[in-house]
Each structure stands twice: as C-alpha cells, then as structure tokens.
There are 2 protein chains.
Amino acid sequence: MNLDLEKTLEKHNVKPTAMRLLVLQFLLTEKAAMSLTDLENHFDRSDRTTLFRTLKTFAEKEIVHKIDDGTGVTKYALCEEDCHCEIETDLHVHFHCKICNETICFPENKIPYINLPDGFIADDVSLTVTGICNKCNKSL
Amino acid sequence: MNLDLEKTLEKHNVKPTAMRLLVLQFLLTEKAAMSLTDLENHFDRSDRTTLFRTLKTFAEKEIVHKIDDGTGVTKYALCEEDCHCEIETDLHVHFHCKICNETICFPENKIPYINLPDGFIADDVSLTVTGICNKCNKSL
DNA sequence: ATAGGTAATGCAACAGAAGTGCATTATTTT
DNA sequence: AAAATAATGCACTTCTGTTGCATTACCTAT
C-alpha cells in the first residue's frame, strides 16, 4: 500500500516524505476536492505552511490539479492516471454543491472546445457547475 | 447622458445616488471586468465599503454579474440588456489574460449545455478561459 | 416646511486565505 | 562524519471580503 504511494510520488519526481505520503493517502480516500483548510483540520499535528507547500509541489508536479469552484477557496483533487493537465484532452468539468459545499470532479465530462476570437490564445480552461449534488438532492 | 444612467438604475429598482451613478458610468466606459480594488483605486474619495455594497446591490439587481476568473479576485461586469443571469440563456464565456491581468466577457459565446449525472441540479455555470488576449499577443 | 422614518454612506475592525522569510530539522552526498 | 541540499515549522504580512455601528442624506406624511 505505502509502496504504491511512494511509487506515485517518485514517478512525479517528488521525494516521498512522511507528510507527503499522508497527504497523498488522504486525497486518495476522499472523493471530493480538498482545500488547504480541509487538510489543516484533518492533520492536527502538521503546520499549515507545510501542507500549503505540499499541495503546491503536488500541483507543479501534476499529481493534483487546482480547482477554483467559485467559493473563493482553492481546492485540490488528484489527477487521473497519465494526466498532464493539458487543455483539450485532460481538463474536465467540476461540480460545486451549494448545500454540502463539496466540490467533485467529473472526469468523463471533458470541457468542450471554446472558439475564441482572432488573436486570443487559450492556455487553460475552467468550467464549474454550481447547484445541488445527488446526495443533497435525495435529502430534500 | 446622466438621465440614461438614472433610467438604467431605476429600471432595476436601484435608487440613483451620486456614487451609484459614478460607478455605473465607470463600468460603462471600461470594457474589462473590474474588481473592488480597481474601483477603489479609481474613486480615491470613496470608501471601500460603499463600493463593495454598491457592487453587491448591482449584482442582486442584475445590473452587473460577478465573475470568478480564477485569480482569486472577484470581478464585475455590466450585464447585457435584458439579461437575467439565467443559466442556458444568459451565461457566457469569460477570458482572463495572464499577461495584462484583464478579464473580459464574450457575450456571443454562450456556455454550452453540460450533461450532468442523474440527481445533480445545475443552478449556475462558470466557464473561464485563461491565456493571452489579442492585445498582449500583438505586443509579443 | 418640518418631523420622523428609511436608506445610503463612512469609519473601524475582523476573518479567512494565501503567501514569504528565516531558523531549524531531516536527508542525501561526498 | 562533514557539508550541502531539501523539507519543515513558526511568525508574520498582505490582500480580499465582510460586518457592526454611528452618521448623513433622502423621502414621506402631516
């Protein structure tokens, strides 16, 4: 189990420290995207800065992708296998539930091609749907 | 000129105070979306809170729409005539230039329909393209 | 016109997230 | 084991967004 986590980090040229393995494991078990504060609350013993830089490193090495769900709080979710965060191939839709406040990935829902006016170059696209998720919908 | 501005506000049930007219006029002259800080810098004499609440009121009364361009700073742009910020009809693509940091609307580019899994309800959609705008592209 | 009520404004202060600098600890290399 | 490099933890700062409260402007009814 731990060996798999270590391999994952090493594959992305990230040294497998204890903290990084814990964060990676946590992200694996959580289906929803996690904010820095979420991590901070889960890892009582660790410093916010360390978690902040861990997420930053993970994002740079394409282990996680940053998600802006419109709440003003950046969230992070594990990338899919062989994801390189490429526009047109890797970027997918995110859903933010305004009731439970969870943000989840729809990896099957790739973002459609956006036709821009002449002279505009696209590097990145973000598509976030806000509403009510299936779990909260049932509880209504 | 001022009469038009007043009419606009009154049409949306917003009392046309001096500050509100100035903010509306400023938003009309600026093509790019404006942040609270942008307004604050432009109106040296006015308080941040007043501008904040002016924008809040404008957004509630559908005079402007809030834009989350991924920078972490909320920006505001005038709605189009007869916009009711309805999903499927009014929501359009936004573009954020990572060089000049400007965020602009593409009102002709409506956001395509997103097919969600069963049980999910969509209230709002945000689609932001990040890259290089036509002006900055020329200067390269 | 004026008194009373409502709405808008301005000041102060706070909260939360993001980020930086620096000292300390751990890890790797020689 | 010593030196170099990387990771961590603490303190502090900045920026944005927000609220409470007192004051000012505005509108309405008598």
Side-chain angles (χ1 to χ4, degrees), chain A residues 2 5-6 8-10 12-26 33-61 63-77 96 98 101 103, chain B residues 2 5-6 8-10 12-26 33-61 63-77 96 98 101 103 126 128:
Chain A
N2 263 349
L5 296 176
E6 287 192 27
T8 303
L9 292 183
E10 281 164 356
H12 291 270
N13 294 312
V14 174
K15 285 188 193 167
T17 66
M19 200 64 240
R20 287 170 176 172
L21 289 168
L22 286 172
V23 171
L24 179 58
Q25 189 168 43
F26 179 60
M34 291 288 119
S35 69
L36 176 57
T37 304
D38 291 333
L39 287 185
E40 201 185 351
N41 292 335
H42 186 258
F43 295 106
D44 284 347
R45 308 293 308 275
S46 181
D47 187 68
R48 191 175 40 236
T49 313
T50 304
L51 295 169
F52 170 74
R53 288 196 260 238
T54 298
L55 290 172
K56 195 181 173 187
T57 303
F58 280 12
E60 283 165 358
K61 299 303 174 67
I63 295 168
V64 301
H65 56 279
K66 291 176 73 169
I67 305 168
D68 176 6
D69 62 9
T71 60
V73 179
T74 305
K75 296 187 179 165
Y76 302 83
H96 173 71
K98 63 183 181 181
N101 199 34
T103 298
Chain B
N2 263 348
L5 296 177
E6 286 193 27
T8 303
L9 292 182
E10 282 163 356
H12 291 268
N13 294 313
V14 174
K15 284 188 195 168
T17 67
M19 201 63 240
R20 287 168 177 174
L21 289 168
L22 286 172
V23 171
L24 179 59
Q25 189 169 44
F26 179 59
M34 291 288 119
S35 70
L36 176 58
T37 305
D38 291 333
L39 287 186
E40 202 185 352
N41 292 337
H42 186 257
F43 295 106
D44 284 347
R45 308 294 307 277
S46 181
D47 186 71
R48 183 182 181 78
T49 313
T50 304
L51 295 169
F52 169 73
R53 287 196 262 238
T54 299
L55 289 172
K56 195 180 173 189
T57 303
F58 281 13
E60 283 165 358
K61 298 303 175 67
I63 295 169
V64 301
H65 56 279
K66 290 175 74 169
I67 304 168
D68 176 8
D69 61 8
T71 60
V73 179
T74 305
K75 296 185 180 167
Y76 302 82
H96 172 71
K98 62 184 182 181
N101 198 34
T103 298
S126 159
T128 304

Atom-to-atom span, [atom1] of [X] to [atom2] of [N] - whole angstrom:
X: A:Leu21; N: C:dT27; atom1: CG; atom2: P; result: 12 Å
X: A:Asp44; N: D:dG9; atom1: CG; atom2: P; result: 13 Å
X: B:Asp47; N: D:dG17; atom1: CG; atom2: P; result: 15 Å
X: A:Met19; N: D:dC10; atom1: CE; atom2: C1'; result: 16 Å
X: B:Leu51; N: D:dC15; atom1: CG; atom2: P; result: 18 Å
X: B:Arg45; N: C:dA8; atom1: CZ; atom2: C1'; result: 18 Å
X: B:Leu39; N: D:dG17; atom1: CG; atom2: P; result: 11 Å
X: B:Asn13; N: C:dT6; atom1: CG; atom2: P; result: 19 Å

For this session: State which residues pass side-chain contact (heavy atoms from CB on, under 4.5 Å) with A:Lys15; sequence neighbours excluded, sorted by chain then number.
Result: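 Residues passing side-chain contact (heavy atoms from CB on, under 4.5 Å) with A:Lys15: A:Arg20.
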Exercise. By side-chain contact (heavy atoms from CB on, under 4.5 Å), which residues pair with B:Asp68, not counting sequence neighbours?
Worked result: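 Checked B:Asp68 against side-chain contact (heavy atoms from CB on, under 4.5 Å); matches are A:Asp68.
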Closest non-hydrogen atom pair between [X] and [Y], with its separation:
X: B:Ile67; Y: B:Ala77; answer: CD1-CB, 3.8 Å
X: A:Phe43; Y: A:Leu51; answer: CD1-CD2, 4.1 Å
X: B:Thr74; Y: B:Lys66; answer: CG2-CE, 3.6 Å
X: B:Thr50; Y: B:Ser46; answer: CB-OG, 4.1 Å
X: A:Ser35; Y: A:Val73; answer: CB-CG1, 3.5 Å

Problem set entry | Residues which pass salt bridge (charged side-chain N to carboxylate O under 4.0 Å, His left out) with A:Glu40, listed by chain and number, not counting sequence neighbours |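 A:Glu40: salt bridge (charged side-chain N to carboxylate O under 4.0 Å, His left out) contacts with A:Arg48.
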For this session: Output all residues satisfying salt bridge (charged side-chain N to carboxylate O under 4.0 Å, His left out) with B:Lys61, sequence neighbours left out; order by chain, then residue number.
Result: none
For this session: Go through C:dG10, D:dA7, D:dG9 for me and flag the one nearest to the A:Arg20 side chain.
Result: D:dA7
Protein-nucleotides 23-28 of chain D N/O pairs under 3.5 Å:
none

Polar atoms only, N or O, under 3.5 Å: list the protein pairs with nucleotides 16-25 of chain C and their distances.
from	atom 1	to	atom 2	distance (Å)
C:dA17	OP1	A:Thr37	OG1	3.4
C:dA17	OP2	A:Thr37	OG1	3.2
C:dA18	OP1	A:Thr74	N	3.1
C:dA18	OP1	A:Thr74	OG1	3.1
C:dG21	O6	A:Arg53	NH2	3.2

